[in-house]
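So the structure is just underneath, and the comments pick up after that.
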Amino acid sequence: MSNGSLECEGMVVKQIAGSKCTTIDELFAEFAEVLQFPDYFGNNWAAFDECLNDLDWLPGEAYLLIIEDADQVITISDNSFKIFIEILKRSVNEWTEGRNYDDFLTPPIPFHVVFQCPVKKINDVKERLKMAGLKNVNIISIKED
């Protein structure tokens, strides 16, 4: 999966490499590449928020972001990680509840984010997500026999 995309009918599924998101600049670059942000993306939190809540260039009936190696995302700053999580939370809410921007209505559209990490890092990632403001963190563990 070289371009970070999976094919699912009607659903836009994108894989983000957490290993390429250890700093804020790397995170912006990875999301911009995988989600095909427009050239006007300003490489800052406000522009990231705006692009993540637009996605007109990636039309779909539902969206799923899979963040692989989530234990490696913005490891240098807990505050920046918290900002990232806050933006993701707002995006999920805006997409799933629908929006009204200046009388421009958008219907509710499913939007999900999955954090994937090695089994030995699950507790660390869960704790970090909770410290960043996520209250309900569900763990799904799939193990090979």
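For the atom pair CD1 of Ile83 and CZ of Phe81, the computed distance is 12.0 Å after rounding to the nearest 0.5 Å. To the nearest 0.5 Å, the span separating CD1 on Ile24 from CD1 on Ile76 amounts to 6.0 Å.
With hydrophobic clusters built from ILVMFWY side chains whose heavy atoms lie under 4.5 angstrom apart, Phe84 does not share a cluster with Met131. A continuous path of hydrophobic side-chain contacts links Val119 to Val73 [ILVMFWY only; heavy atoms under 4.5 Å].
Using modelled atom types, no side-chain atom of Asp69 and backbone atom of Gln72 make a donor-acceptor pair closer than 3.5 Å. In terms of modelled atom types and a separation under 3.5 Å, the side chain of Trp57 and the main chain of Leu35 share a donor-acceptor contact. Put simply, the side chain of Asp49 never gets that close to the backbone of Trp45: no donor and acceptor are under 3.5 Å apart. Glu30 places no side-chain N or O within 3.5 Å of a backbone atom of Glu26 that could act as its donor or acceptor partner. At distances below 3.5 Å, not a single donor-acceptor pair connects side-chain atoms of Tyr63 with backbone N or O atoms of Val92.
Gln15 and Glu68 share a side-chain donor-acceptor pair at under 3.5 Å.
Looking at every heavy atom in both residues, Cys21 comes nearest to Ile16 through SG-CG2, 3.8 Å. Residues Ala132 and Ile85 come closest through the heavy atom pair CB-CG1, 3.8 Å. Nearest heavy-atom pair, Pro38 versus Cys51, reported as atom, atom and distance to 0.1 Å: CD-SG, 4.1 Å. Here the shortest heavy-atom pairing between Pro59 and Asp56 reads CD-O, 3.6 Å. Residue Glu50 comes nearest to Tyr40 through the heavy atom pair OE2-CE1, 4.1 Å, listed as atom of the first residue, atom of the second, then distance.
Taking 4.5 Å as the limit, some side-chain heavy atom of Leu88 sits within range of a side-chain heavy atom of Leu52. Side chains of Val12 and Leu64 form no contact here, defined as non-hydrogen atoms less than 4.5 Å apart. Ser80 places a side-chain heavy atom less than 4.5 Å from the side chain of Ile74. Here the side chains of Lys89 and Leu134 are in contact, with some heavy-atom distance below 4.5 Å. Contact of the Leu65 side chain with the Phe31 side chain is registered, since non-hydrogen atoms from C-beta on lie closer than 4.5 Å. Using a 4.5 Å heavy-atom cutoff, the side chains of Ile122 and Cys117 are in contact. Annotation: side chain of Ile67 is not in contact with side chain of Val114 (no heavy-atom distance under 4.5 Å). Residues Leu55 and Phe111 form a side-chain contact, since some pair of their non-hydrogen atoms from C-beta on lies under 4.5 Å apart.
A salt bridge does not link Asp71 with Arg128: none of the charged nitrogens is closer than 4.0 Å to a carboxylate oxygen. A salt bridge is absent between Glu127 and Lys130; no separation between the charged side-chain nitrogens and carboxylate oxygens falls under 4.0 Å.
Between Phe28 and Phe48, the ring center distance clears the sub-6.0 Å criterion.
Around atom NZ of Lys82, no more than 12 heavy atoms belonging to other residues, nucleotides or ligands sit under 6.0 Å away. Around atom CG of Asp124, more than 12 heavy atoms belonging to other residues, nucleotides or ligands sit under 6.0 Å away.
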| Run the side-chain contact (heavy atoms from CB on, under 4.5 Å) check on Gln36 and Lys14 step by step: do they pass? | CA-CA 10 Å; Gln36 303 163 3; Lys14 297 290 185 175; 3.7 Å; yes

